[in-house]
Amino acid sequence: MEKIEHKMIAVNGLNMHVAEVGKGPLVLFIHGFPELWYSWRHQMVFMAARGYRAVAPDMRGYGDTTGAPLGDPSKFSLLHLVGDLILLLDKIAPDEDKVFVVGHDWGAYVAWHLCLYRPDRVKSLVNLSVAFSPWNPLMNPVDKFRSLYGDDHYICRFQEPGEIEAEFEKIGVKEVLKNFLAFRNPAPLYFPKGKGFDYSADRAPWLTEEELDYFASKFQQTGFTGGVNYYRAFSLNWELNAPWAGAQVKVPTKFIVGELDLTYHIPGVKDFIHKGGFKKFVPLLEQVVVVEGAAHFVNQERPDEINEHIYAFLKQF
């Protein structure tokens, strides 16, 4: 990682840790759960070598970014998360009206809303794993997952402050991360109360021991509350997003998902992606790529393919 520079930037009440490398048009990489800027290590160096400025923050509540009120999940809404990024861009790229955006998992969810709220700031978008999900007037997402999968589903188990953190503490930070990052089952992820993971995985073959240790060292410092608070703000996001009912994401977009990604196998998602629903809400969706044999952490599992996919799309603009 010798070429990647690190800096701390004051934005939106946070001291935000930002990794960056390269010079040229800015590409903002947004990570998901339970991850860090480090999840984009392969993509950053690749894009920098092709004339881009790759920038990846540790998001609110993660890694070396400090100042987030961990005890108040309402401070982890999409409006806060998008606000952090808009104000970061104002600081680090004051002369760039629009930037490229690449998101994965929760980072993709944030990126969709960055494009929904502020399309004037985005040239084009590559999102991985999580497709756009239109606002549902009938049911907030937590109730939806509970109705589909019951109370043991991980999103439902993450709702009660402190509860899942206590279980993770018993399991151990490195074991928790190893199990999450190795998850390859397209079925839903469950955390039966008091039973932890219902599996113990070997370290993912695409992850070295040293890389796993880097993730573990940061979560050892911070704990998991920051990341889990994103899930605790799900219902609040649903309330706050009512003004965008029926709204479209009007940014040129490429979407990539692993064939074995659990998000791709949520009931209704495949049909939404492939049968016109996705294109209806993201009219400038130009390409959908399903990566055969890949699971959720596709940008780390298959970095060479994903690097080429990102570059091929962004260089058109």
Side-chain angles (χ1 to χ4, degrees), residues 1-12 14-32 35-60 62-65 78-129 249-256 282 284 286-287 299-300 303 306-317:
M1 294 297 136
E2 57 291 334
K3 297 194 312 199
I4 293 177
E5 294 175 4
H6 298 267
K7 52 187 75 167
M8 301 299 294
I9 296 171
V11 289
N12 212 19
L14 306 176
N15 211 10
M16 190 169 239
H17 168 241
V18 178
E20 75 163 83
V21 61
K23 294 202 164 34
L26 193 147
V27 185
L28 177 66
F29 289 95
I30 314 174
H31 72 78
E35 300 182 79
L36 302 162
W37 75 269
Y38 190 66
S39 302
W40 297 110
R41 59 200 177 279
H42 307 296
Q43 287 72 38
M44 291 178 72
V45 172
F46 181 90
M47 292 304 288
R50 280 149 189 81
Y52 292 85
R53 179 186 177 195
V55 172
D58 279 336
M59 294 290 283
R60 174 178 288 248
Y62 281 96
D64 292 324
T65 290
L78 285 165
L79 291 168
H80 290 91
L81 301 172
V82 172
D84 295 343
L85 297 175
I86 290 294
L87 296 173
L88 175 65
L89 292 173
D90 287 347
K91 281 265 178 90
I92 64 173
D95 300 325
E96 283 189 72
D97 293 340
K98 295 188 174 201
V99 301
F100 296 112
V101 176
V102 181
H104 169 257
D105 182 72
W106 258 102
Y109 197 64
V110 173
W112 289 123
H113 289 84
L114 171 59
C115 294
L116 192 64
Y117 303 156
R118 294 301 303 274
D120 58 305
R121 300 300 297 270
V122 184
K123 274 185 215 169
S124 67
L125 170 69
V126 179
N127 254 350
L128 282 60
S129 172
V249 172
K250 293 182 176 171
V251 166
T253 300
K254 179 174 187 169
F255 179 69
I256 304 168
V282 187
L284 303 180
E286 295 189 14
Q287 201 180 356
N299 51 316
Q300 297 183 74
I306 299 305
N307 292 348
E308 293 292 352
H309 275 303
I310 293 169
Y311 179 56
F313 189 65
L314 298 192
K315 73 179 182 184
Q316 300 173 58
F317 298 92

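What you see below is based on every heavy atom in this structure, not just the backbone, and it leaves out hydrogens, waters and symmetry mates.
Taking CD1 of Ile9 as the reference point, atom CG of Asp90 lies at 11.5 Å (rounded to 0.5 Å). Rounding to the nearest 0.5 angstrom, the gap separating the CG atom in Leu114 from the CG atom in Leu81 is 11.0 Å. Between the CZ atom of Phe100 and the NZ atom of Lys315 there is a distance of 12.5 Å, given to the nearest 0.5 Å. With rounding to the nearest 0.5 Å, the separation of CG in Leu28 from CD in Glu20 is 11.0 Å. For the atom pair CE (Met44) and NZ (Lys3), the distance works out to 11.0 Å, reported to the nearest 0.5 Å.
In this structure a side-chain-to-backbone donor-acceptor pair under 3.5 Å is present from Asp58 to Trp37. In this structure a side-chain-to-backbone donor-acceptor pair under 3.5 Å is missing from Arg50 to Met47. Thr65 contributes no side-chain N or O that, together with a main-chain N or O of Gly63, makes up a donor-acceptor pair within less than 3.5 Å. Side-chain atoms of Lys254 never come within 3.5 Å of backbone atoms of Ile310 as a donor-acceptor pair (strictly under, hydrogens ignored). Between the side chain of Asn127 and the backbone N or O of Phe255 there is no donor-acceptor pair closer than 3.5 Å.
With contacts defined as side-chain heavy-atom distances shorter than 4.5 Å, the pair Val82/Val110 qualifies. Annotation: side chain of Ile92 is in contact with side chain of Arg53 (closest heavy-atom distance under 4.5 Å). When side chains are defined from C-beta on, Glu35 does not count as touching Met59, because their heavy atoms never get closer than 4.5 Å. Within the 4.5 Å cutoff, no side-chain heavy atoms of Asn12 are placed close to those of Leu88. Residues Trp112 and Val282 are in side-chain contact: their nearest non-hydrogen atoms beyond the backbone lie under 4.5 Å apart. Looking at His104 and Phe29, their side chains never come closer than 4.5 Å, going by heavy atoms from C-beta outward.
Closest of all the heavy-atom pairs between Ser39 and Asn299 is O-ND2, 3.3 Å. Looking at every heavy atom in both residues, Arg121 comes nearest to Glu96 through NH2-O, 4.4 Å. Between Pro119 and Lys250, the closest heavy-atom pair is CB-O, 4.5 Å. In terms of heavy-atom proximity, Ile256 sits nearest to Ile306 at CG2-CD1, 3.7 Å. Closest approach of Lys123 to Lys98, counting heavy atoms only: CE-O, 3.3 Å. Nearest heavy atom pair, residue Leu26 against residue Leu89, reads CD2-CD2, 3.9 Å.
Between His6 and His17, the angle of the ring planes stays under 30°, which puts this pair in the parallel group of the 30/60° scheme.
Test Tyr109, Tyr62, Trp40, Trp106 against His31 for ring-ring contact (aromatic ring centres under 6.0 Å, His included) and you get one pass: Tyr62.
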